[in-house]
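Down below is the structure, laid out as structure tokens.
No hydrogens, no waters, no symmetry mates; every other heavy atom, side chains included, goes into these values. Computed from a predicted structure; not experimentally measured.
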Amino acid sequence: MNHNRKSVLGAALSIALLAAGPAHAACFGMQIHSHRGNGQAPENSLGALRAAYQGGFDGVETDLQMLGDREWVVHHDQTTGRVVRTAAPAPVNSLRSADWRAARMSLRGVATGEAPPFASDLASLASSYPQGTLNAEIKTVAACQDVGALVQQLRGEVGHGNWFLTSPVEGNLRCARQADREGYLGLIVLDPRNAQALGNSRATRFVATHAQAPRLDRNWLSNLQGRVGAPVGVHVDARTLDANRKLLADAAALSMPVFVYAVEGDDALASALQKARRATGMWPSGAIIDGGAEAFCAKLR
């Protein structure tokens, strides 16, 4: 890791660590990140991400997956068809780079003609906005060799160093730590009660109905820190935050950032953050939102 990456990202996270320092979005000291970019363009498109960088956010959250020829691309779903149109809907990991170059994006079912980005395109865009953190989620299980290659790519192509990786797969983070000893890493803790977000089926309804919230106590957090290595934090759904009333205090005691998002939308997220603030006197390190930063922060006042 270069010194610039360490100093830029470290400063951003120290500002946001459950404290009340001024952030770019001026939202009670929290870092406010745009979820997959501006909603007026296809999600995770360069147009959407560029608009988010220019839209008053502290950071931009996006998704990374790997093609069959081991090229990293920017895409959320495990298959094409909803946002990225290929010759026929297909698993992302079955496609080749030539397939990705030939694909085009759509916005709410309407083709836009924009090509879906590779990770190299994302890095080039992010390098132009040093004030905004690139928050990149590795969506699926990846080999350590490939995670390490991604770390090296971002390190080499995002010169200002203001980026970090997250994943719901802890193994991906441990692999990233081997390649990056000092950079921040975030574990996305999935709440099984939100299973229907994966699709409304009998199976997901059953899981959502019978599941319990993840239990994130101080011992769990400390063990995570030991397995992955600091600096590491957790990125949780608003319902998970509500079910773990001591999470913000426990994380602060361990110097672990907490970022919060909401499957149920920005109103539900704002409500959960206000509830946590009333109960603990604390805000999380950051929030990942679907709408505009200014409008969201106004909901908290």
Side-chain angles (χ1 to χ4, degrees), residues 32-129 132-142 146 149-150 153-154 157-158 163-168 188 197-200 261-263 265-266 288-293 295-296:
I32 304 300
H33 290 193
S34 174
H35 183 218
R36 304 181 205 161
N38 185 291
Q40 300 306 307
E43 67 177 52
N44 282 327
S45 67
L46 290 182
L49 300 174
R50 182 180 297 107
Y53 271 119
Q54 297 173 350
F57 290 92
D58 300 297
V60 175
E61 187 271 350
T62 190
D63 306 294
L64 295 173
Q65 295 190 57
M66 199 168 57
L67 300 177
D69 58 5
R70 301 175 73 177
E71 285 290 328
W72 287 95
V73 296
V74 183
H75 193 249
H76 177 270
D77 299 355
Q78 292 191 26
T79 61
T80 60
R82 183 177 65 87
V83 177
V84 172
R85 295 181 174 182
T86 47
V92 173
N93 63 9
S94 73
L95 300 172
R96 315 290 289 182
S97 295
D99 301 320
W100 202 251
R101 293 189 193 94
R104 291 296 179 266
M105 305 194 77
S106 64
L107 175 63
R108 291 184 281 275
V110 178
T112 66
E114 184 172 0
F118 286 82
S120 56
D121 301 316
L122 173 65
S124 178
L125 175 68
S127 67
S128 299
Y129 297 94
T133 300
L134 172 60
N135 170 354
E137 176 186 348
I138 303 175
K139 295 295 295 182
T140 56
V141 177
D146 296 313
L150 175 63
Q153 180 177 9
L154 294 176
E157 297 178 8
V158 186
W163 58 269
F164 64 74
L165 293 175
T166 69
S167 182
I188 299 172
L198 301 175
N200 189 10
Y261 60 91
V263 168
D266 287 355
I288 301 167
I289 68 172
D290 295 316
F296 177 78

**Fill in**
For W72 and A142 the tightest heavy-atom approach is CH2-CB, 3.9 Å
**Message:** Measuring only between side-chain heavy atoms, which start at C-beta, is N44 closer than 4.5 Å to V83?
**Reply:** no
**Fill in**
Tightest non-hydrogen contact, residues V74 and W100, listed as O-CZ2, 3.8 Å
**Prompt:** When you measure from the side chain of D266 to the backbone N and O of G291, does any donor-acceptor pair fall under 3.5 Å?
**Reply:** yes
**Prompt:** How long is the span from the CD atom in E61 to the CD1 atom in I289, to the nearest 0.5 Å?
**Reply:** 12.0 Å
**Request:** Report yes if some heavy atom in the side chain of S120 is under 4.5 Å from a heavy atom in the side chain of Q153; otherwise report no.
**Result:** yes
**Message:** Please check this pair: side chain of D58 against backbone of I32, looking for a donor-acceptor N/O pair closer than 3.5 Å.
**Reply:** yes
Review item, side-chain donor-acceptor pairs of residues 88-98, under 3.5 Å, at least two apart:
| residue | atom | partner | partner atom | Å |
| --- | --- | --- | --- | --- |
| S94 | OG | P91 | O | 2.7 |
| S97 | OG | D69 | OD1 | 3.3 |
| S97 | OG | D69 | OD2 | 2.8 |

**Request:** Please report the closest heavy-atom contact between S34 and A52, naming both atoms and the distance.
**Result:** OG-CB, 3.5 Å
**Request:** To the nearest 0.5 angstrom, please state how far the CZ atom of R82 sits from the CD atom of E43.
**Result:** 4.0 Å
**Prompt:** About how many Å separate CG of L125 and OG of S45, when rounded to the nearest 0.5 Å?
**Reply:** 10.0 Å
**Prompt:** Should the pair Y53 and Y129 be assigned to parallel (<30°), tilted (30 to 60°) or perpendicular (>60°) ring geometry?
**Reply:** parallel
**Item:** Smallest separation among heavy atoms of L107 and G39, with atom names
**Value:** CD1-O, 3.9 Å
**Complete:** To the nearest 0.5 Å, atom CG of D290 lies from atom CG of N38 at 11.5 Å
**Prompt:** Which value, rounded to the nearest 0.5 Å, describes the distance between F118 atom CZ and H75 atom NE2?
**Reply:** 12.5 Å
**Request:** State the CG-CD1 distance between D63 and I138, to the nearest 0.5 angstrom.
**Result:** 11.0 Å
**Asked** Going by the side chain to side chain donor-acceptor pair (under 3.5 Å) test, which pairs reach into residues 104-118, not counting sequence neighbours?
**Response** none
**Message:** Donor-acceptor pair, distance only, cut-off 3.5 Å: does the side chain of Q65 make one with the backbone of T79?
**Reply:** no
**Asked** How about Q54: does its CD atom have over 12 heavy atoms from other parts shown lying under 6.0 Å from it?
**Response** yes
